[in-house]
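Working notes, beginning with the structure itself.
Heavy atoms only: backbone and side chains are in, while hydrogens, waters and symmetry mates are out.
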Amino acid sequence: MRFSVLFTVLSFSVFSFVTMLHIKTDVASLYNERDSLQSQQVALRETMKVQQAELAHLTGPERLERFADMAGMKTIETSQIVPVKASYILGGAW
């Protein structure tokens, strides 16, 4: 009787210790994964800021105007704009 109680207590202790070690390693790996994801998030935010700045530069009105001038483009006159009627859009005669 005494041996079985001792064996049960010892088995429970070993099982508890192994379970705690397993949980500890799982938590440590989750912390490492979280840190990795946070550093990726910071890097992506910086990349996004750089790309937004590049887009703002590339689509700047002055820059686009210079390219239009080099290509020989001219601004359109208001008389060249023709309003589109809804009947044309909905399947009327073109």
Side-chain angles (χ1 to χ4, degrees):
M1 174 76 180
R2 187 173 184 194
F3 177 73
S4 65
V5 170
L6 184 62
F7 181 74
T8 304
V9 168
L10 182 63
S11 297
F12 181 73
S13 298
V14 169
F15 176 76
S16 297
F17 180 72
V18 169
T19 303
M20 281 187 352
L21 283 178
H22 182 68
I23 290 172
K24 180 183 176 198
T25 56
D26 285 350
V27 168
S29 69
L30 288 173
Y31 277 128
N32 289 338
E33 185 179 352
R34 181 202 61 187
D35 294 341
S36 172
L37 290 173
Q38 284 178 340
S39 64
Q40 283 179 349
Q41 184 181 30
V42 167
L44 288 173
R45 282 187 179 155
E46 288 299 318
T47 301
M48 203 164 79
K49 285 180 184 177
V50 169
Q51 289 178 347
Q52 286 173 343
E54 287 176 355
L55 180 64
H57 169 70
L58 292 173
T59 59
E62 299 85 19
R63 186 172 185 277
L64 293 177
E65 190 174 316
R66 275 197 323 254
F67 282 130
D69 288 342
M70 289 187 329
M73 295 180 171
K74 297 178 183 173
T75 57
I76 60 171
E77 301 295 327
T78 54
S79 61
Q80 293 175 302
I81 300 173
V82 178
V84 178
K85 294 183 180 178
S87 62
Y88 291 129
I89 295 173
L90 297 176
W94 284 91

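The CD atom of E65 lies 9.0 Å from the OG1 atom of T75; values are rounded to the nearest 0.5 Å. Distance NZ/K74 to CG/D69: 11.0 Å, rounded to 0.5 Å. Interatomic distance, OG of S39 versus CG of D35, reported as 7.5 Å (0.5 Å rounding). For the atom pair OG1 of T19 and CZ of F17, the computed distance is 10.5 Å after rounding to the nearest 0.5 Å. Put simply, CG on L37 and CG on N32 are 11.0 Å apart, with the number rounded to the nearest 0.5 Å.
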Going through the distances and angles, do R66 and R63 end up as a side-chain contact (heavy atoms from CB on, under 4.5 Å)?
CA-CA 5 Å; R66 275 197 323 254; R63 186 172 185 277; 3.8 Å; yes
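For T8 against S4, the heavy-atom pair with the smallest separation is OG1-O, 2.6 Å. In terms of heavy-atom proximity, T59 sits nearest to L64 at O-CD1, 3.6 Å. Between E77 and Q80, the closest heavy-atom pair is N-OE1, 2.7 Å.
Counting heavy-atom neighbours within 6.0 Å of E33 CD, excluding the residue itself, gives a total of 12 or less. Within a 6.0 Å sphere centred on CZ of R45, other residues, nucleotides and ligands contribute 12 heavy atoms or fewer.
Summarising the hydrophobic clusters (Ile, Leu, Val, Met, Phe, Trp, Tyr; side-chain heavy atoms under 4.5 Å, direct or chained), the residues clustered with L58 are none. Clustering of Ile, Leu, Val, Met, Phe, Trp and Tyr by side-chain heavy atoms under 4.5 Å joins I23 with V27, Y31. Other cluster members for F15: none, since no ILVMFWY side-chain heavy atom sits under 4.5 Å from it.
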